Amino acid sequence: DALPISLDSVRPFSRTATLDFNDGTLVLTGSETIDSTPPTKVLPSRFYLLNDNTVATTINRVVQLDAASPVTALDGYTLTITLTEPQRVQALEISNTPGGDGTGAVLLETVDGAFMDVGENPSLHIEQIPVVETADTTRAALERGVLNLNNGTLEAHFSETMDNTPASGKVTSSKFSLVDTGGGMGAFNLNNAQVVEVDSTVVTLYMTELQRVKAIERSATPGGDGSGLPLSLQLQNGAATDMGLNLAFPTYSTGGNLA
């Protein structure tokens, strides 16, 4: 005789969640096995991170994890979504970790159909899921420098978003130095250079006119030292701060690309 079969009609729901602010990894644990293969079965646009104690109205769903957030393709009780860098920063700012607002950990909301189980049942709408937070303790690294000698603009590109607002106490221009790598004219720091106060992966400094002239004299451009070698950008410890309030790594060997 044929074995009677009852179809799986129980809808899954979200139980717990963790969020690592070092890399923006959000891990949700469900009530049963979640179907994440292919990852298009998970809809990040139906996941929201909220400030603690904030009513979950549309206007207060602070961070919506749109389709740009990659989903790890692996069926199991957990699913993993990696926040984009802007989403990670937005969530960090409302978190209970360094760089956050200190009012409590973020909460997760998953609306109807955010994910499905292996029986293809859509998930239930669940609000106020406590998120266990891991603070961002990863120090930002300088990746490259770009120097425009036409207007004296220096761009320092970092591995993550830097806290440039306000610049005071977070960006110290005197700890940025330009070094003559080939002509023997030595280094000079960018004390009193103006910092652009916009949080970004780039710290932008407007050098003084005297600093711009010094840079030209030490550069591999017309009017330079004739060595043919570009300037090098050096950072001392405490030159810049990331959104998690970590000091950027000092560096002594990053070449500046001259424009």
Side-chain angles (χ1 to χ4, degrees), residues 14 16-28 43-71 79-111 114 126-143 155-173 194-205 235 237-249:
S14 306
T16 61
T18 64
L19 178 55
D20 189 338
F21 285 111
N22 289 287
D23 57 8
T25 301
L26 175 70
V27 180
L28 176 141
L43 302 178
S45 62
R46 298 186 181 183
F47 289 69
Y48 293 87
L49 293 169
L50 296 87
N51 212 343
D52 191 19
N53 297 321
T54 300
V55 178
T57 61
T58 300
I59 194 171
N60 287 323
R61 289 173 179 149
V62 181
V63 184
Q64 180 184 21
L65 309 186
D66 59 30
S69 308
V71 177
L79 68 82
T80 301
I81 298 176
T82 302
L83 277 60
T84 63
E85 177 64 5
Q87 291 167 354
R88 184 189 73 87
V89 170
Q90 281 184 281
L92 189 153
E93 289 178 323
I94 60 171
S95 74
N96 199 37
T97 66
D101 60 13
T103 61
V106 296
L107 299 173
L108 175 67
E109 177 181 356
T110 55
V111 302
I126 302 293
E127 300 177 11
Q128 298 192 9
I129 304 162
V131 176
V132 177
E133 301 174 334
T134 299
D136 175 10
T137 57
T138 303
R139 298 177 70 177
L142 180 66
E143 295 184 332
E155 295 181 352
H157 293 249
F158 288 88
S159 57
E160 60 179 282
T161 303
M162 307 304 290
D163 192 349
N164 302 325
T165 53
S168 177
K170 296 176 181 178
V171 181
T172 306
S173 60
Q194 181 183 354
V195 180
V196 176
E197 294 187 319
V198 176
D199 294 341
S200 169
T201 56
V202 180
V203 175
T204 302
L205 302 179
L235 300 185
N237 196 43
T241 308
D242 68 23
M243 297 299 293
L245 306 185
N246 304 294
L247 298 178
F249 278 115

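Everything quoted here is computed from the prediction, not taken from an experiment.
One side chain, Thr103 or Asn51, offers a donor N or O that lies under 3.5 Å from an acceptor on the other.
Between Phe21 and Arg88, the shortest heavy-atom distance links the atoms O-NH1, 2.8 Å. Minimum interatomic distance between Val131 and Leu107 (heavy atoms only, all atoms of both residues): CG2-C, 4.0 Å. Shown here for Asp66 and Gln87, the closest heavy-atom pair between the two residues is OD1-NE2, 3.1 Å. The two residues Ala91 and Leu49 make their nearest non-hydrogen contact at CB-CD1, 3.9 Å. Pairing each heavy atom of Thr172 with each of Gly238, the nearest pair is OG1-O, 3.5 Å. For the residue pair Val111 and Tyr48, the shortest heavy atom distance occurs at CG1-CE1, 4.1 Å.
Within 6.0 Å of atom CD in Glu93, more than 12 heavy atoms from other residues, nucleotides or ligands are found, so the atom counts as buried in its surroundings.
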**Message:** Under the criterion side chain to side chain contact (heavy atoms under 4.5 Å, CB included), I'd like the reasoning laid out for Val195 against Thr204: C-alpha separation, chi angles, the key distance, then a yes or no.
**Reply:** CA-CA 6 Å; Val195 180; Thr204 302; over 6 Å; no
**Request:** Evaluate side chain to side chain contact (heavy atoms under 4.5 Å, CB included) for Glu160 paired with Asp136, printing each intermediate quantity in order.
**Result:** CA-CA 11 Å; Glu160 60 179 282; Asp136 175 10; 3.2 Å; yes
**Item:** Thr16/Val132 under side chain to side chain contact (heavy atoms under 4.5 Å, CB included): CA gap, chis, key distance, verdict
**Value:** CA-CA 8 Å; Thr16 61; Val132 177; over 6 Å; no
**Derivation of the side chain to side chain contact (heavy atoms under 4.5 Å, CB included) call for Ile81 and Phe47** = CA-CA 10 Å; Ile81 298 176; Phe47 289 69; 4.0 Å; yes
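Looking only at side-chain heavy atoms (C-beta outward), Lys170 and Val203 stay at 4.5 Å or farther from each other. Thr80 is listed as a side-chain neighbour of Thr25, based on a closest heavy-atom distance under 4.5 Å. In this structure the side chain of Asn164 never reaches within 4.5 angstrom of the side chain of Val196, judged on heavy atoms. Leu19 is listed as a side-chain neighbour of Leu83, based on a closest heavy-atom distance under 4.5 Å.
Not a single side-chain contact (heavy atoms from CB on, under 4.5 Å) links Pro130 to another residue, sequence neighbours left out. Thr134 pairs by the side-chain contact (heavy atoms from CB on, under 4.5 Å) definition with Asp20, Asn22, not counting sequence neighbours. For Thr165, the side-chain contact (heavy atoms from CB on, under 4.5 Å) partners at least two apart in sequence or on another chain are Asp163, Glu197, Asp199.
Residue Ser14 holds its OG atom at 4.0 Å from CD1 of Ile129, rounded to the nearest 0.5 Å. Atoms CG and OG, on Leu65 and Ser45 in that order, are 9.0 Å from each other to the nearest 0.5 Å. Rounding to the nearest 0.5 angstrom, the gap separating the CG atom in Leu92 from the OG1 atom in Thr161 is 9.5 Å. Interatomic distance, OG1 of Thr241 versus CE of Met162, reported as 6.5 Å (0.5 Å rounding). With rounding to the nearest 0.5 Å, the separation of CG in Leu108 from CD in Gln128 is 11.5 Å. Expressed to the nearest 0.5 Å, how far OG1 of Thr18 lies from CG of Leu26 amounts to 7.0 Å.
In this structure, the side chain of Glu109 does not engage the main chain of Leu50 through any donor-acceptor pair within 3.5 Å. Looking only at distances, a side-chain donor or acceptor of Glu133 sits under 3.5 Å from a matching main-chain atom of Val106. Judged by distance alone, with hydrogens and angles left aside, the side-chain atoms of Arg139 form a donor-acceptor pair with the main-chain N or O of Leu247 at under 3.5 Å.
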